[in-house]
Amino acid sequence: MKRALADMEKNYGTYFGLLYLLSLCKEFRNLFYYRTRPFSFLLQFICREQSSLFIQTKSIGEGFTITHGFATAIGAEAIGKNCTVYQQVTIGGTDDGAPVLKDNIKVYAGAVIFGKITIGNNVTIGANATVYMNVPDNSSVLPGTSKVFRWKSKKE
């Protein structure tokens, strides 16, 4: 998304590039409307949101990217910087609370994250994995068993 924004700015300029992204990139449009609330209702008459992408999060950090946001629901307590979410992902809470996603997280297609849990920094959630407990920093959650694998960094 960052590269697309940079290319857009070089080729179209800031204002025409913004119009280009709002008219053709539905995922960008939903995130743009989320960040410009309550004024976003003015543009929604011209460029409608993607109806199958729901964003109900209190705070989202910079560098957040939604790729192919079809059938995606994002209802986290907070999302940190540089997180990427792919299609058909569900992030939601229970009666106890909603998940907190820290920085540099990738959530691949079809993953489900729910409950009052914390997903640590530098985590990868595999496609179709179900996550219902805390995930430590520098780890991966693989589908099937939804087992957490922790990777040691060079500094440890």
Side-chain angles (χ1 to χ4, degrees), residues 1-8 17-18 20-37 40 43-44 47-154 156:
M1 183 71 118
K2 287 181 185 178
R3 189 179 65 203
L5 290 173
D7 291 344
M8 173 271 311
L18 179 62
Y20 170 80
L21 287 172
L22 287 175
S23 62
L24 296 178
C25 300
K26 294 178 184 177
E27 296 88 2
F28 175 82
R29 189 181 313 154
N30 280 42
L31 190 57
F32 179 79
Y33 291 160
Y34 167 82
R35 293 196 187 274
T36 58
R37 286 182 190 156
S40 60
L43 290 172
Q44 289 182 10
C47 297
R48 293 187 177 260
E49 290 182 306
Q50 182 174 349
S51 60
S52 65
L53 173 59
F54 302 99
I55 303 173
Q56 295 289 325
T57 302
K58 292 182 181 176
S59 68
I60 297 177
E62 63 186 48
F64 181 68
T65 304
I66 302 169
T67 304
H68 308 296
F70 174 74
T72 300
I74 302 169
E77 183 73 27
I79 298 176
K81 298 183 212 174
N82 302 320
C83 292
T84 302
V85 174
Y86 289 88
Q87 70 270 17
Q88 298 177 333
V89 169
T90 302
I91 301 172
T94 60
D95 293 338
D96 296 333
V100 174
L101 282 71
K102 293 191 175 178
D103 298 338
N104 304 315
I105 296 175
K106 286 192 187 261
V107 183
Y108 285 98
V112 177
I113 301 171
F114 66 94
K116 186 175 181 171
I117 61 174
T118 301
I119 308 296
N121 296 311
N122 307 311
V123 170
T124 300
I125 309 292
N128 297 319
T130 301
V131 182
Y132 53 89
M133 56 187 171
N134 293 334
V135 178
D137 291 350
N138 305 315
S139 57
S140 299
V141 179
L142 301 179
T145 61
S146 294
K147 191 171 184 178
V148 176
F149 291 90
R150 191 162 194 297
W151 309 107
K152 293 184 179 179
S153 67
K154 294 178 183 179
E156 290 183 49

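- The stretch residues 88-102 participates, sequence neighbours left out, in no side-chain hydrogen bond (donor to acceptor under 3.5 Å, both in side chains) pair at all.
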Please lay out, stage by stage, how Leu18 and Phe32 fare under the test side chain to side chain contact (heavy atoms under 4.5 Å, CB included).
CA-CA 10 Å; Leu18 179 62; Phe32 179 79; 4.0 Å; yes

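- Residues satisfying the side chain to side chain contact (heavy atoms under 4.5 Å, CB included) criterion with Ala111, sequence neighbours excluded, are Val107, Ile125.
- With values rounded to the nearest 0.5 angstrom, Ile79 atom CD1 is found 13.0 Å from Lys58 atom NZ.
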Between Tyr132 and Val112, does the side chain to side chain contact (heavy atoms under 4.5 Å, CB included) criterion hold? Intermediate values first, please.
CA-CA 8 Å; Tyr132 53 89; Val112 177; over 6 Å; no

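- Side-chain atoms of Glu27 do not come within 3.5 Å of backbone N or O of Ile66 as any donor-acceptor pair.
- Note that the CD atom of Gln87 and the OG1 atom of Thr72 stand 7.0 Å from one another [nearest 0.5 Å].
- Contact record, Tyr86 with Thr84: CE1-CG2, 3.6 Å, taken as the closest heavy-atom pair.
- A distance of 8.5 Å separates CG of Leu31 from OG1 of Thr65, quoted to the nearest 0.5 Å.
- Using modelled atom types, one side-chain atom of Tyr34 and one backbone atom of Thr57 make a donor-acceptor pair closer than 3.5 Å.
- Annotation: the span from Asn128 atom CG to Leu142 atom CG amounts to 12.0 Å, rounded to 0.5 Å.
- Shortest non-hydrogen contact noted between Gly75 and Ala98 is O-CB, 3.5 Å.
- In this structure, CD1 in Ile105 is found 8.5 Å from CD1 in Ile91, a value given to the nearest 0.5 Å.
- Looking only at atom types and distance, the side chain of Asn122 has a donor-acceptor partner in the side chain of Asn104 under 3.5 Å away.
- With values rounded to the nearest 0.5 angstrom, Ile113 atom CD1 is found 9.5 Å from Ile74 atom CD1.
- For Lys81, the side-chain hydrogen bond (donor to acceptor under 3.5 Å, both in side chains) test picks out no residue, with sequence neighbours left out.
- When all heavy atoms of Asp103 and Asn121 are compared, the closest pair comes out as N-OD1, 2.9 Å.
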